[in-house]
Amino acid sequence: MVPPPPGEESQSVVLPPGWQSYLSPQGRRYYVNTTTNETTWERPSGSGIPASPGTHRSPLPPTVNGYHASGTPAHPPETAHMSVRKSAADPQNLGSSSPGKKQSKENTITINCVTFPHPDTMPEQQLLKPTEWSYCDYFWADKKDPQGNGNVAGFELLLQKQLKGKQMQKEMSEFIRERIKIEEEYAKNLAKLSQNSLAAQEEGSLGEAWAQVKKSLADEAEVHLKFSAKLHSEVEKPLMNFRENFKKDMKKCDHHIADLRKQLASRYAAVEKARKALTERQRDLEMKTQQLEIKLSNKTEEDIKKARRKSTQAGDDLMRCVDLYNQAQSKWFEEMVTTTLELERLEVERVEMIRQHLCQYTQLRHETDMFNQSTVEPVDQLLRKVDPAKDRELWVREHKTGNIRPVDMEI
């Protein structure tokens with residue numbers, strides 16, 4: 001959906017200073033005073049005061065796109081999703097079908113017991129958080145299950161993403177654990193190799209360099225052991241323990257929204273039942289009225305009074321059911337906005353947490369590489385000092401047997 005500009009008006013008269021107009025999720029226009037946070041369904045007059053007393057002063061922070069920063073609607077709850085005229089049961093409208101039902105069918109569309117503005121007759125609704133692709137704007141309707149098992153509620157898709165994110169986080173933790181095992185095994189093999197006696201009898205400056213090579217292996221093994229320990233405490237463990245009760249919390253959230261949907265479906269069924277009952281009462285009243293006109297029965301007039309009372313009662317019942325339905329849908333709407341924004345916040349928090357710990361992993365890798373480099377620096381220094389001539393001198397001095405050379409034999 002493309003949101004209309006905040007100040008767009010269907011009327012040519014300019015709003016008073018400080019006032020902005022928005023569309024509610026049901027497509028009804030309301031007005032917000034950006035200075036006082038006052039909201040009203042009535043269009044403000046030139047003085048800035050609504051034409052009729054329908055204002056609502058809110059103590060909340062300034063609104064953005066018709067919503068406060070907390071995600072709470074800045075306008076009064078909309079209860080006109082479905083309309084019923086009580087006059088349908090009036091004697092002047094005997095036998096007529098419910099005009100409220102016809103009007104509702106023309107202006108709204110109901111999908112899985114949720115009433116939406118009809119796309120052909122209602123203006124485009126303004127996004128709650130334009131340009132942000134927020135969860136609270138795009139998951140109101142249901143989506144067909146790709147596996148062909150009916151429909152999946154939009155909120156259920158969000159929960160599945162959250163649980164998938166938790167699973168990905170767990171798998172990342174397992175990946176780091178495998179990395180730790182490799183480091184530990186590598187360190188163990190390095191330490192073992194450093195104790196190997198091969199070429200231990202090398203002498204001179206080269207022998208010193210060779211001994212330092214073996215010692216550097218032991219030092220490197222220690223570096224990798226420290227690296228594996230830090231990986232466990234600073235990366236793997238935080239990833240594993242982050243939101244240990246996350247799945248349980250998601251289930252609570254799912255049950256809460258599901259209960260509201262069930263209540264909404266129950267209210268909708270009650271509305272349809274009451275609508276059907278009203279139609280039957282009106283037909284009965286119309287039939288008895290026709291009987292009175294042709295005087296088929298002496299009791300017809302009394303029967304008409306009873307039928308009229310029943311028809312009026314049926315109309316009242318329908319209005320009550322519609323009101324309960326609208327209350328349930330309004331409650332579901334508010335909880336959906338609040339909960340989807342919370343899920344959005346949790347997802348941002350999860351991604352940021354993983355990013356920080358992966359940055360910690362790369363930092364530890366850089367430190368490990370630096371420490372490994374430091375273990376071979378003494379080897380480099382000794383290798384630069386290797387002097388075959390000096391080694392030969394020292395060895396000869398230690399192992400010489402004499403410096404008298406043989407001479408030729410005389411006859």
Side-chain angles (χ1 to χ4, degrees), residues 159-253 343-386 391:
L159 286 181
Q160 290 176 4
K161 175 173 176 55
Q162 294 289 320
L163 295 176
K164 180 181 178 181
K166 177 63 176 178
Q167 179 63 26
M168 294 302 98
Q169 177 181 315
K170 179 181 178 183
E171 293 180 8
M172 289 180 188
S173 177
E174 293 173 352
F175 179 90
I176 298 298
R177 185 184 307 137
E178 292 300 316
R179 181 74 171 87
I180 291 173
K181 290 180 180 179
I182 293 174
E183 286 296 319
E184 291 174 342
E185 186 67 21
Y186 183 56
K188 179 180 178 181
N189 291 335
L190 284 178
K192 181 179 179 181
L193 184 60
S194 69
Q195 302 298 322
N196 194 292
S197 61
L198 293 175
Q201 297 181 1
E202 180 62 50
E203 299 175 340
S205 57
L206 182 59
E208 293 178 4
W210 176 247
Q212 186 61 42
V213 168
K214 296 168 68 175
K215 183 178 182 302
S216 70
L217 295 183
D219 295 339
E220 186 178 356
E222 184 67 21
V223 169
H224 284 277
L225 279 178
K226 291 181 178 179
F227 176 49
S228 64
K230 287 186 176 182
L231 278 181
H232 172 70
S233 61
E234 300 180 18
V235 181
E236 180 206 2
K237 192 173 180 180
L239 285 175
M240 180 62 70
N241 295 337
F242 184 67
R243 294 181 187 155
E244 292 181 341
N245 299 323
F246 183 77
K247 193 171 184 179
K248 184 184 298 183
D249 294 339
M250 288 299 100
K251 285 185 177 180
K252 289 181 181 179
C253 188
L343 293 181
E344 187 175 298
R345 185 192 67 81
L346 290 175
E347 176 64 8
V348 171
E349 186 181 63
R350 183 189 73 87
V351 172
E352 179 60 22
M353 184 277 299
I354 293 177
R355 187 194 69 82
Q356 290 179 359
H357 285 87
L358 292 182
C359 287
Q360 180 64 15
Y361 167 79
T362 59
Q363 179 64 27
L364 291 174
R365 273 295 313 274
H366 290 316
E367 292 178 359
T368 301
D369 293 342
M370 181 181 66
F371 292 146
N372 282 337
Q373 182 64 30
S374 67
T375 62
V376 298
E377 289 178 357
V379 178
D380 291 335
Q381 295 175 2
L382 290 176
L383 288 176
R384 287 193 292 268
K385 294 179 180 179
V386 170
D391 289 346

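Since we're looking at a predicted model, the values are computed, not measured. Sequential numbering from 1 along the given sequence is applied to the chain's residues. The figures here come from the full heavy-atom set of this structure, side chains too, leaving out hydrogens, waters and symmetry mates.
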Starting at NZ of K166, measure out to CG of D249 and round the result to the nearest 0.5 Å. 10.0 Å
Compare all side-chain heavy atoms of V386 with those of L382 and state whether any distance is below 4.5 angstrom. no
Within-4.5 Å side-chain heavy-atom neighbours: L159 and K251: no
List the atom of P378, the atom of S374, and the distance in Å for their closest heavy-atom pair. CD-O, 3.3 Å
Got E349 and R243 here, is their nearest side-chain heavy-atom distance under 4.5 Å? yes
State, to 0.1 Å, how close S233 and P238 come at their nearest heavy-atom pair, and which atoms those are. O-CD, 3.5 Å
Tell me whether the count of non-hydrogen atoms from other residues, nucleotides or ligands lying under 6.0 Å of NZ in K237 goes above 12. no
Test your reading of the model: is there a side-chain donor-acceptor pair from H232 to the backbone of S228, 3.5 Å cut-off? no
Would you say the side chain of H357 lies within less than 4.5 Å of the side chain of M172, judging by non-hydrogen atoms? no
Taking atom CD of E222 and atom CG of L225, what is their separation to the nearest 0.5 Å? 6.0 Å
What distance separates L239 CG from K170 NZ, expressed to the nearest 0.5 Å? 13.0 Å
Which atom pair, heavy atoms only, marks the closest approach of A221 to A191? CB-N, 3.7 Å
Between CD of Q169 and CE of M240, what distance do you get to the nearest 0.5 Å? 9.0 Å
Report, one line per pair, each donor and acceptor closer than 3.5 Å where one atom sits in a side chain of residues 361-368; sequence neighbours left out.
| from | atom 1 | to | atom 2 | distance (Å) |
| --- | --- | --- | --- | --- |
| Y361 | OH | R179 | NE | 3.2 |
| T362 | OG1 | C359 | O | 2.7 |
| Q363 | NE2 | E367 | OE2 | 3.4 |
| T368 | OG1 | L364 | O | 2.8 |

Search all heavy atoms of T375 against all heavy atoms of E220 and return the closest pair with its distance. CG2-N, 4.0 Å
Are any of the side-chain heavy atoms of Q373 and E377 separated by less than 4.5 Å? yes
Can you tell me how far CD of E171 sits from NZ of K164, rounded to the nearest 0.5 angstrom? 10.0 Å
Could you grab the distance from atom CG of L217 to atom CD of Q195, nearest 0.5 Å is fine? 10.0 Å
Stepwise salt bridge (Lys or Arg N to Asp or Glu O under 4.0 Å) check, E185 with K188: CA-CA 5 Å; E185 186 67 21; K188 179 180 178 181; 5.1 Å; no
Any side-chain heavy atom of E352 sitting closer than 4.5 Å to one from Q356? yes
Within the structure provided, determine whether I354 and M168 are in side-chain contact (heavy-atom separation under 4.5 Å). no
Applying side-chain hydrogen bond (donor to acceptor under 3.5 Å, both in side chains) as the test, list every pair that has at least one member in residues 205-216; sequence neighbours left out. S205-D391, K215-D219
Does E347 reach the side chain of E344, with side-chain heavy atoms less than 4.5 Å apart? no
Counting N and O atoms only, with roles assigned by atom type, does the side chain of Q162 sit under 3.5 Å from a partner on the main chain of L343, one being a donor and the other an acceptor? yes
Cationic N near anionic O, under 4.0 Å, E178 to K181: yes
